[in-house]
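Both counts, for ligands and for their atoms, begin at 1 and track the order of listing.
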Amino acid sequence: MVKIGLLGLGTIGRGIVEIINERREYLKAATGVDLRIKTALVRDINKKRDVDLSDIILTDNFEDILGNEEIDILVEVTGDLESAYDYITRGLKAGKHIVTANKAVVSKYFEEISQLAAEKDLAFLYEASVGGGIPVLKPLREQLALNRIDQVQGILNGTCNYILTRMVNENKEYDEVLKIAQRLGYAEADPTADVKGHDTLRKLRILASLALQGKIQEEDIILYGISNISKLDVENIKKMDSTIKLIAEAKRVYNGFTAIVQPTIVKNNNYFANVNMAFNSISFTGNFVGELKFYGAGAGKDPTANAVLSDCLDIALNSYRKGNPLGKESLVNLNSELMGRYYLRISKASRDILERLEDMTKELLTDEQVIKNKKEGFDLAIITKLVKLSSLNDLIANLGLEKDQYFLAKIME
Ligand code: NAP
Ligand code: HSE
């Protein structure tokens, strides 16, 4: 029997208990592995929980799990950052394997925890931290042995993709759809992590570090979220026979890399345009295997719990890859070289702003009559020429706009 100490019994923790309750006997017959949750850690042991917890001891004291020598695997699904770090590192030092769905903790402490797990010859697995239910990290690790990976790209946040899909397809309001995504259990405890792009950035940090085998940290990634998107942007984008997705991308370029998370306008016939609702898709490109694409549920209780338990099963079957998966390539950050054509909408704009953008403007989307009638206070939307993102950013910074006054999206070529 393989015994689990479950840290957290919220959306994902509950899903894990439900799958084990339903599949334990089948799993035992099919694989010989008997997975059992021995103890579960929560903040409030008196909270009513809508799940069958027979045979599981509830505690609010981590020491009860750490000190229990019967427990082989700690499954961390608390969503907390610093206490999760404490649980994981102390767990490894106490000889326990670790499985987590917590991208915040993996992203912040990736090198340190990977090193510690390798030194202790224990598993540190985090498949559920990227792409929810999609098995992508395991195939990535496998392909790394043979390939040099040059690019990872994807839609990595279920909440953002759900919001954007429903705004575009059903003309829904941003706030309304965000609330539904929260109710469905897709969003983080603090949903600003989703809509401002931090969750996607953390997932890209994990994917990019593994794929490019260099230290690519959160601060190495340029970030734009979706929280400023308006109905006007959606209307403009639809007129371009396109839709909008939050896309994360890291690429090897010369002796370095670029890494960015940005709203991206994609033609309706593009592959990403058909990744909708809370689904995610991730692709990576190896020099021998070529491009591999992965698609599936990017968030939600059951798919994520399934990914967590797949990691547990790999540990129980001793079929996981051993050693530290992170490489030591020294890669220069070349984000200053990023270029593209961009959609830019500015609220409460003026003719002065329009003139200052003139050199970069390829196409004006705002009705010229509106500009003629109003000297200022109108919504301005343009498509830029092919420009350096850094130059466009400098110009935007010089316009003295408020942070929520504009929306910028790359146009995918
Ligand atoms: P959640 O619903 O907020 O549940 C968190 C659980 O952890 C609760 O049971 C809470 O206890 C417990 N907890 C929180 N802080 C704790 C602490 N410091 N010590 C002990 N227990 C603590 O979160 P969730 O949606 O299940 O997400 C869990 C993790 O999975 C997060 O890292 C999230 O990013 C990741 N994830 C989520 C999804 C998704 O679709 N939701 C998908 C992939 C990955 P109480 O119940 O007593 O409050
Ligand atoms: N909040 C995350 C999302 C959960 O919406 O993608 C899955 O990581």
By the definition side-chain contact (heavy atoms from CB on, under 4.5 Å), identify the one residue from I222, V253, L392 that meets it with L338.
I222
Options V77, V42, T59, ranked by nearest heavy atom to atom 28 (C) of ligand 1, top entry
V77
Give the atoms of ligand 1, by number and element, whose distance to some non-hydrogen atom of D44 is under 4.0 Å.
47 (O)
Please state which protein non-hydrogen atom is closest to atom 31 (C) of ligand 1 and give its distance, to 0.1 Å?
G79 CA, 3.4 Å
Under 3.5 Å, is there a donor-acceptor pair linking the side chains of S114 and E112?
no
Is atom 23 (O) of ligand 1 touching the protein, meaning some protein heavy atom lies under 4.0 Å away?
no
Angle between ring planes, F284 versus F294, binned at 30° and 60°: parallel, tilted or perpendicular?
parallel
contact_flag G298 ligand 2 heavy-atom lt 4.0 Å:
yes
Answer yes or no: does atom CD of E22 have more than 12 heavy-atom neighbours from other residues, nucleotides or ligands under 6.0 Å?
no
Could you point out which residue of I411, V387, I265 forms a side-chain contact (heavy atoms from CB on, under 4.5 Å) with Y342?
V387
Which of the atoms of ligand 1 are close to G8, meaning less than 4.0 Å from one of its heavy atoms?
6 (C), 7 (O), 9 (O), 12 (C)
Looking only at protein heavy atoms, which one is nearest to atom 35 (C) of ligand 1, and how far off is it?
A101 O, 3.3 Å
Name the closest protein heavy atom to atom 16 (C) of ligand 1, giving the residue it belongs to and the distance to 0.1 Å.
R43 CG, 3.7 Å
If you measure from each heavy atom of Y87 to ligand 1, is any distance below 4.0 Å?
yes
Atoms of ligand 2 close to A187 [distance to a heavy atom under 4.0 angstrom, numbered from 1]
1 (N)
Atoms of ligand 2 under 4.0 Å from any heavy atom of G158, numbered from 1 in the order shown, are 3 (C), 5 (O), 6 (O)
Residue of the set K215, R148, R252 for which salt bridge (Lys or Arg N to Asp or Glu O under 4.0 Å) holds with E329:
R252
shortest atom 8 (C) of ligand 1-to-protein heavy-atom contact is with G10 N, 3.6 Å
Are side-chain heavy atoms of L58 and R49 found at a separation under 4.5 Å?
yes
Hey, are R341 and E413 close enough for a salt bridge, meaning a charged N less than 4.0 Å from a carboxylate O?
yes
May I have the step-by-step check of salt bridge (Lys or Arg N to Asp or Glu O under 4.0 Å) for R90 and D86, ending in yes or no?
CA-CA 6 Å; R90 290 174 66 206; D86 181 58; 3.4 Å; yes
May I ask you to list the atoms of ligand 1 that are less than 4.0 angstrom from any heavy atom of S83?
18 (N)
Under 4.0 Å, counting heavy atoms only: does R49 come that close to any atom of ligand 1?
yes
Which bit of K301 gets closer than 4.0 Å to ligand 1, counting heavy atoms only: side chain, backbone, both or neither?
neither
Atom indices of ligand 1, in the order listed, that fall short of 4.0 Å to a heavy atom of A299:
40 (O)
Salt bridge (Lys or Arg N to Asp or Glu O under 4.0 Å) evaluation trace for E363 with K385:
CA-CA 8 Å; E363 192 182 337; K385 298 174 183 162; over 6 Å; no
Considering only heavy atoms of Y186, which atoms of ligand 2 have at least one such atom less than 4.0 Å away?
1 (N), 2 (C), 3 (C), 4 (C), 5 (O)
Among all the protein's non-hydrogen atoms, which is closest to atom 38 (C) of ligand 1, and how far away is it?
I12 CD1, 3.6 Å
Under 4.0 Å from a heavy atom of K203: which atoms of ligand 2 are those, numbered in the order shown and with their elements?
2 (C), 3 (C), 6 (O), 7 (C), 8 (O)
Quick one: does NZ or CZ of K322 land under 6.0 Å from the six-membered ring centre of Y320, within 45 degrees of the ring axis?
yes
Between T59 and N61, is there a side-chain donor-acceptor contact under 3.5 Å, judged purely by atom types and distance?
no
Quick one: which ligand 1 atoms are inside 4.0 Å of a heavy atom on A128?
43 (C), 44 (C)
Heavy atoms, side chains only, cut-off 4.5 Å: are V2 and C312 in contact?
no
among protein heavy atoms, the one nearest atom 8 (O) of ligand 2 is K103 NZ, 2.5 Å
Sub-4.0 Å atoms of ligand 1 with respect to non-hydrogen atoms of T11:
2 (O), 25 (O), 26 (O)
Any salt bridge linking E70 with K3? Criterion: basic side-chain nitrogen under 4.0 Å from a carboxylate oxygen.
yes
In the protein, which heavy atom is nearest to atom 43 (C) of ligand 1, and how far is it?
T304 CG2, 3.2 Å
How far is atom 40 (O) of ligand 1 from its nearest protein heavy atom, and which residue and atom is that?
G300 N, 2.7 Å
Within the structure provided, determine whether D72 and I4 are in side-chain contact (heavy-atom separation under 4.5 Å).
no
Could you list the atoms of ligand 2 found under 4.0 angstrom from a heavy atom of D194?
1 (N), 2 (C), 3 (C), 5 (O)
Heavy-atom distance from atom 11 (O) of ligand 1 to the protein below 4.0 Å?
yes
Approximate separation, where rounding is to 0.5 Å, of M240 CE and N268 CG:
10.5 Å
Taking the basic N atoms (NZ, or NE/NH1/NH2) and the acidic carboxylate oxygens, is any pair closer than 4.0 Å for K388 and E337?
yes
Looking only at distances, please establish whether an N/O atom of ligand 1 is found under 3.5 Å from an N/O atom of L9.
yes
From the options E82, K47, R14, select the one whose nearest heavy atom is closest to atom 45 (P) of ligand 1.
K47
Under 4.0 Å from any heavy atom of E188, which atoms of ligand 2 are there?
1 (N), 2 (C), 4 (C)
Decide if the gap between the ring center of F124 and the ring center of Y126 is smaller than 6.0 angstrom.
yes
Closer than 3.5 angstrom, by distance alone: can the side chain of T100 be matched with the main-chain N or O of N102 as a donor-acceptor pair?
yes
Atom 3 (O) of ligand 1 has as its nearest protein heavy atom A189 CB, 4.6 Å
I'd like the name of whichever of N102, T11, T159, V130 reaches closest to atom 5 (O) of ligand 2 through any heavy atom.
T159
At less than 4.0 angstrom from any non-hydrogen atom of L41, what atoms of ligand 1 do you find?
20 (C)
Counting each atom of ligand 1 from 1 as listed, which ones have a heavy atom of G185 under 4.0 Å away?
39 (C), 40 (O), 41 (N)
